[in-house]
Q: 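Before anything else, here's the structure in question.
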There are 4 protein chains.
Amino acid sequence: MGEAPRRPRPMRADAARNRARLLDVATEVFTTRGVGVPTEEIARAAGVGVGTLFRHFPTKEALLEAVMVRRLETMAARTEQLTTGSAPAEAFFDCFRLLVEQSVGKSDFVEALAAAGVDVRSALRESSTAIRDQLGDLLTGAQRAGAVRPELGLPELLALLAGIGRAVEQLGADPAGRERIFEVVFAGLRPH
Amino acid sequence: MGEAPRRPRPMRADAARNRARLLDVATEVFTTRGVGVPTEEIARAAGVGVGTLFRHFPTKEALLEAVMVRRLETMAARTEQLTTGSAPAEAFFDCFRLLVEQSVGKSDFVEALAAAGVDVRSALRESSTAIRDQLGDLLTGAQRAGAVRPELGLPELLALLAGIGRAVEQLGADPAGRERIFEVVFAGLRPH
Amino acid sequence: MGEAPRRPRPMRADAARNRARLLDVATEVFTTRGVGVPTEEIARAAGVGVGTLFRHFPTKEALLEAVMVRRLETMAARTEQLTTGSAPAEAFFDCFRLLVEQSVGKSDFVEALAAAGVDVRSALRESSTAIRDQLGDLLTGAQRAGAVRPELGLPELLALLAGIGRAVEQLGADPAGRERIFEVVFAGLRPH
Amino acid sequence: MGEAPRRPRPMRADAARNRARLLDVATEVFTTRGVGVPTEEIARAAGVGVGTLFRHFPTKEALLEAVMVRRLETMAARTEQLTTGSAPAEAFFDCFRLLVEQSVGKSDFVEALAAAGVDVRSALRESSTAIRDQLGDLLTGAQRAGAVRPELGLPELLALLAGIGRAVEQLGADPAGRERIFEVVFAGLRPH
DNA sequence: GATGAATGAGTGTTCATTCAT
DNA sequence: AATGAATGAACACTCATTCAT
């Protein structure tokens with residue numbers, strides 16, 4: 001079935017698959033069980049040897065960074081979608097909600113948000129700059145539209161995103177309660 | 001069986017001093033440098049041997065727990081103070097602020113405890129129940145006084161406290177920004 | 001039997017014994033099988049756990065250094081003995097022979113000699129300075145007595161010691177051959 | 001069985017080039033940075049993949065051996081040159097000097113080979129026998145010419161070569177000091 | 001033949017916990 | 001009660017060697 005691959009890609013296919021698998025597994029594992037999980041276990045769960053893990057990510061920290069970068073990129077992509085095609089105010093609040101909701105049950109997503117606000121890690125700088133810029137534009141737009149307190153700065157916004165992400169995460173599966181939290185924050189963000 | 005209960009007391013003075021010192025040092029160290037700091041270092045900083053540490057706290061986890069419990073108790077005490085001498089609305093907001101500012105750096109602990117498989121609720125239930133009850137009273141009082149949205153429940157309040165704690169923690173040393181965050185949340189908490 | 005030890009030494013006795021044993025074993029093992037031997041094996045051979053090894057020597061390199069320091073100190077002590085109480089020329093040649101003969105079958109002894117000539121390692125500096133100074137005095141004395149070429153410097157002497165140590169080591173158990181090597185070198189060291 | 005032996009040859013050009021390049025690089029790298037350098041790095045420096053390295057040399061140890069053999073062969077060739085065109089005494093001393101200067105940095109190899117359990121003599125016997133024989137002839141010639149102590153045997157000469165090689169190696173870049181060492185040894189080698 | 005991704009045993013080191021003193 | 005030396009399982013990471021492409 002499908003097309004016969006005349007030239008099986010220059011052999012990078014398996015490598016790329018392994019890399020992707022490692023990233024997926026690491027994301028899952030770090031999210032659910034914390035960053036303390038041994039590298040060996042991650043490798044085993046991905047079906048490869050430790051050596052392979054370290055070939056793709058020279059350090060456990062590098063693996064963590066890669067996970068975060070991917071999360072940040074996902075965020076940026078979705079933010080991008082929302083941004084284009086909505087009125088500034090609407091875009092701002094939709095985006096806030098989206099970012100927060102993506103982090104439910106995923107504490108490392110919150111970490112990623114937080115990292116975007118702190119940005120000490122060199123490897124993360126590029127991708128965290130991306131969303132930070134997007135959010136900056138979004139914030140300015142909403143403020144110009146008179147939908148958000150004019151005195152609010154980008155750092156506070158990032159901190160609030162990470163914080164509300166955590167709040168929602170801690171609340172767990174309680175849609176009504178989550179909605180109430182959004183109401184509180186959104187109301188508070190509006191001028192006056 | 002049935003030894004005369006002489007209940008020795010004299011030597012306890014030093015022991016109690018050591019215990020208190022260990023708790024102080026552990027609080028300081030865990031807060032500023034994370035829970036990854038080796039027990040031996042904590043013992044040294046407290047001026048005792050590791051053995052002494054483990055005599056008082058049979059496990060590192062137990063030490064973490066004890067630190068948490070004491071924090072919670074301190075918070076409960078301060079909350080009590082605030083509660084008893086102020087108008088309900090004022091007491092509520094003062095208390096919110098106090099708890100947020102006291103909880104900076106605490107999230108690390110909770111996660112470590114959870115990761116260690118401790119049933120956080122069982123271990124800390126007693127002391128955490130105390131503040132939870134106080135907060136419930138405070139919330140109801142503020143709602144009756146018309147200072148807080150009537151539909152807000154205790155779970156959301158707790159989640160918000162944790163979340164804003166994290167936001168403030170991430171923001172770091174920026175008093176003006178921190179104030180802006182409080183303004184947003186306090187404004188949002190008020191009815192309508 | 002024996003004296004009842006009223007006060008068993010402040011408990012350092014065992015620790016010191018372990019440390020000494022580790023040093024002995026490491027010396028033996030490094031000498032006979034090279035520095036590539038795993039730390040764990042050294043610990044096992046000394047009858048202790050790895051942790052104990054690392055408690056006494058924070059690094060494998062530190063252990064190696066300690067071995068070398070002890071060798072250098074041994075050399076210095078024996079050199080000292082020979083120096084005092086002999087005529088300068090005699091002392092010089094006796095000492096040369098002694099140093100070389102101690103290194104037979106002990107390549108790390110040669111290393112120690114070499115280290116005294118190079119002295120990059122900070123930890124070795126003190127002890128290597130000691131013998132270097134002694135040998136410097138010895139050399140000057142012998143040169144003043146007209147027994148050694150006046151143009152020979154200390155660096156060359158140290159290099160020669162290490163080199164002849166290696167030569168003798170490679171020659172193995174052949175007393176006559178060893179003697180011939182000494183004859184060659186001693187003759188060459190004399191003026192003209 | 002019994003395929004027609006076509007004896008392919010064409011593609012061998014590249015293979016031979018690779019082999020030679022690997023040997024060159026390995027010699028350089030092992031000499032300057034020790035035998036601990038990873039195979040992969042050597043392959044990269046030679047511009048080939050690890051697989052190619054292991055196709056040519058089934059083992060790291062085999063690569064080491066090949067490097068040694070080539071060094072010995074080079075030495076033998078130069079020794080031969082010196083031998084044939086000079087008076088016996090001159091040839092002997094020139095050759096001594098040459099071998100010492102060529103062997104700088106070689107001791108590392110021999111030790112690594114020995115440590116790896118290779119029977120150095122069997123693996124390198126052929127090529128080392130060559131120089132040994134030449135040196136034997138050279139020694140005898142010089143002794144007949146009255147330029148070298150008659151009682152000196154070939155084993156001591158070999159040991160001296162290795163030892164002085166090490167001495168010179170340790171001395172590093174100090175031409176004058178090196179010269180003084182040669183003076184000492186050459187003077188010592190002469191009769192009486 | 002060549003490539004380089006994959007492997008996994010092996011290494012140095014850490015750290016919570018125990019126990020002799 | 002206190003001490004700190006000892007323990008050893010656990011961890012991150014390396015590297016010679018194999019093998020699918």
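Chain letters run A, B, ... following the sequence lines, proteins first, then strands; residues in each count from 1. Every value quoted in this text rests on a predicted model; they were computed, and no experiment measured them.
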Q: Are OP1 or OP2 of E/dA2 and a side-chain N or O of D/Asn18 less than 4.0 angstrom apart?
A: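 Yes, D/Asn18 has a side-chain N/O under 4.0 Å of OP1/OP2 on E/dA2.
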Q: What is the separation between atom CG on B/Leu64 and atom P on E/dC15, rounded to the nearest whole Å?
A: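 B/Leu64 atom CG is separated from E/dC15 atom P by 15 Å.
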Q: Identify all side-chain donor-acceptor contacts of residues 44-55 of chain C below 3.5 Å with residues at least two apart in sequence or on another chain.
A:
none

Q: Would you kindly give the CZ-to-C1' distance between A/Arg19 and E/dA6, to the nearest whole Å?
A: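 Rounded to the whole Å, the gap is 16 Å.
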Q: I want to verify a distance call: between E/dA16, F/dT14, F/dA16, whose nearest atom is closest to the D/Phe54 side chain?
A: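 Nearest nucleotide to the side chain: F/dA16.
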Q: Looking at residues at least two apart in the chain, or sitting in another chain, which of them share a side-chain contact (heavy atoms from CB on, under 4.5 Å) with A/Val29?
A: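 Once residues adjacent in sequence are excluded, the partners of A/Val29 under the side-chain contact (heavy atoms from CB on, under 4.5 Å) criterion are A/Val25, A/Val37, A/Ile42.
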Q: B/Arg55 has an atom CZ; how far is it from atom P of F/dA1, in whole Å?
A: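 Nearest whole value for this atom pair: 6 Å.
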Q: Among residues 39-53 of chain A, which residues get a heavy atom nearer than 4.0 Å to DNA chain F?
A: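 Close to the strand are A/Thr39.
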Q: Quick one: side-chain contact (heavy atoms from CB on, under 4.5 Å) partners of B/Thr74, sequence neighbours excluded?
A: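 Per chain and number, B/Thr74 pairs via side-chain contact (heavy atoms from CB on, under 4.5 Å) with B/Arg78.
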Q: I need the CD-C1' distance between D/Glu61 and F/dC15, as an integer number of Å.
A: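 So the CD-C1' distance, D/Glu61 to F/dC15, works out to 15 Å.
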Q: Any idea which of F/dC15, E/dG12, E/dA16 is nearest the B/Lys60 side chain?
A: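 When the side chain of B/Lys60 is considered, E/dA16 is the closest of F/dC15, E/dG12, E/dA16.
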Q: Over how many whole Å does the gap from C/Phe57 atom CZ to E/dT14 atom C1' extend?
A: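 These atoms are roughly 18 Å apart.
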Q: Compare the minimum distances between each of E/dG12, E/dA2, F/dC13 and the side chain of A/Thr59, then state the nucleotide with the smallest one.
A: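 Of the candidates, F/dC13 comes closest.
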Q: Of all residues at least two apart in sequence or in a different chain, which pass the side-chain contact (heavy atoms from CB on, under 4.5 Å) check with D/Ala20?
A: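 Residues passing side-chain contact (heavy atoms from CB on, under 4.5 Å) with D/Ala20: none at all.
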Q: Between the axis at one end of the helix from E/dA2-F/dT21 to E/dT21-F/dA2 and the axis at the other (five pairs apiece), what's the angle to 10 degrees?
A: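 Answer for the end axes of this duplex: 0°.
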Q: Among all residues two or more places apart in sequence or in another chain, which pass the side-chain hydrogen bond (donor to acceptor under 3.5 Å, both in side chains) test with D/Glu73?
A: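 With neighbours one apart ignored, the set is empty.
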Q: Counting just side-chain N and O atoms, does A/His56 come under 4.0 Å of either OP1 or OP2 of E/dA6?
A: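 So the side-chain polar atoms of A/His56 do come within 4.0 Å of the phosphate oxygens OP1 or OP2 of E/dA6, strictly under.
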Q: Quickly work out the D/Arg17 CZ to E/dG1 P distance and round it to whole Å.
A: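 Taking atom P of E/dG1 as the reference, CZ of D/Arg17 is at 15 Å.
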Q: Side chain of D/Ala15, heavy atoms from C-beta onward: which of E/dA16, E/dG1, F/dT18 has the nearest atom to it?
A: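 Of all the options, the side chain of D/Ala15 is nearest to E/dG1.
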Q: Quick check against the 3.5 Å criterion: does A/Lys60 have a side-chain atom that pairs as donor or acceptor with the backbone of A/Pro38?
A: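 Such a contact is absent between A/Lys60 side chain and A/Pro38 backbone.
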Q: Got a sec, which residues hit side-chain hydrogen bond (donor to acceptor under 3.5 Å, both in side chains) with D/Glu41, two or more places apart in sequence or on another chain?
A: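 By the side-chain hydrogen bond (donor to acceptor under 3.5 Å, both in side chains) rule, D/Glu41 matches D/Arg33.
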Q: Who are the side-chain hydrogen bond (donor to acceptor under 3.5 Å, both in side chains) partners of B/Arg70, not counting sequence neighbours?
A: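 Per chain and number, B/Arg70 pairs via side-chain hydrogen bond (donor to acceptor under 3.5 Å, both in side chains) with B/Asp24.
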